[in-house]
Amino acid sequence: MEENYLITIKGTMEQRGDTDTVELMTRGSLVHKDGAYYIVYKETETTGYEGCTTTVKVAEDARKVSMLRFGKQSSQLIIEKGTRHLCHYETGYGSVSLGVAADVIEQRLDENGGSLKFSYTLDSGAESFISRNLVDITVDKLPEAQKFASL
């Protein structure tokens, strides 16, 4: 898959009054298929998931976002309006199951790129609150010259 988009991901976690924000810029791809957009990128050492590929799938109607990580530390988070999902998340220390509930999902994507914003809460299987997470993804199509310069 061609990595002809610049993907900027800003993630903010709110937990017990503290806020932590991480930002990542990377090359990746954007595909529109079967009523959904797929944002695909390779993780780096910076994120702690080097060797993994992440796919963010968002429905055109913005009802559901799936974050799928494939590789050494696989995970699957499903963020869907009106539904709490129990999701599997692999960490460097083992796997955990987390409850995931959507707050907001907004997507403004087309073949030229755009933005995806969503927020969700995480809880343990015992339903105790862990954190509120906000994700802001911007996808910008790279000019042709930049695309070929990386070959």
Does Asp103 have any salt bridge (charged side-chain N to carboxylate O under 4.0 Å, His left out) partners at least two apart in sequence or in another chain, and if so, which? Arg132
Can you list, by chain and residue number, the hydrophobic cluster partners of Leu68 when the side-chain cut-off is 4.5 Å? Phe70
Side chain to side chain donor-acceptor pair (under 3.5 Å) contacts touching residues 7-19 (sequence neighbours left out): Thr12-Thr21
Kindly write out the residues that satisfy side-chain hydrogen bond (donor to acceptor under 3.5 Å, both in side chains) with Glu80, not counting sequence neighbours, or none if the list is empty. His85
Is it true that Glu3 and Lys42 have a side-chain N and a carboxylate O under 4.0 angstrom from each other? yes
Within a radius of less than 6.0 Å around NZ of Lys81, do more than 12 heavy atoms belonging to other residues, nucleotides or ligands occur? yes
In Thr54, Val139, Leu30, Thr53, the residue satisfying side chain to side chain contact (heavy atoms under 4.5 Å, CB included) with Tyr41 is Thr54
Flag side-chain contact, heavy atom, 4.5 Å: Ile7 against Ile39: yes
pair Val135-Tyr120: side-chain heavy atoms closer than 4.5 Å: yes
So do the side chains of Val40 and Val31 get within less than 4.5 Å of each other, counting heavy atoms only? no
Does Ile78 reach the side chain of Lys64, with side-chain heavy atoms less than 4.5 Å apart? yes
List in chain and number order the residues that pass side-chain hydrogen bond (donor to acceptor under 3.5 Å, both in side chains) with Thr26, two or more places apart in sequence or in another chain; answer none if no residue qualifies. none
What pairs with Ala102 under side chain to side chain contact (heavy atoms under 4.5 Å, CB included), at least two apart in sequence or on another chain? Ile79, Ile105
Would you mind listing every ring-ring contact (aromatic ring centres under 6.0 Å, His included) that reaches into residues 8-34, with sequence neighbours excluded? His32-Tyr37
Thr121: which residues meet the side-chain hydrogen bond (donor to acceptor under 3.5 Å, both in side chains) condition with it, sequence neighbours left out? none
Run the salt bridge (charged side-chain N to carboxylate O under 4.0 Å, His left out) test against Glu106 and tell me which residues pass, sequence neighbours left out. Arg108
Residue pairs, two or more places apart or on separate chains, that pass ring-ring contact (aromatic ring centres under 6.0 Å, His included) and touch residues 7-28: none
For Asp110, enumerate each residue passing the side-chain hydrogen bond (donor to acceptor under 3.5 Å, both in side chains) test, keeping only those at least two apart in sequence or located in another chain. none
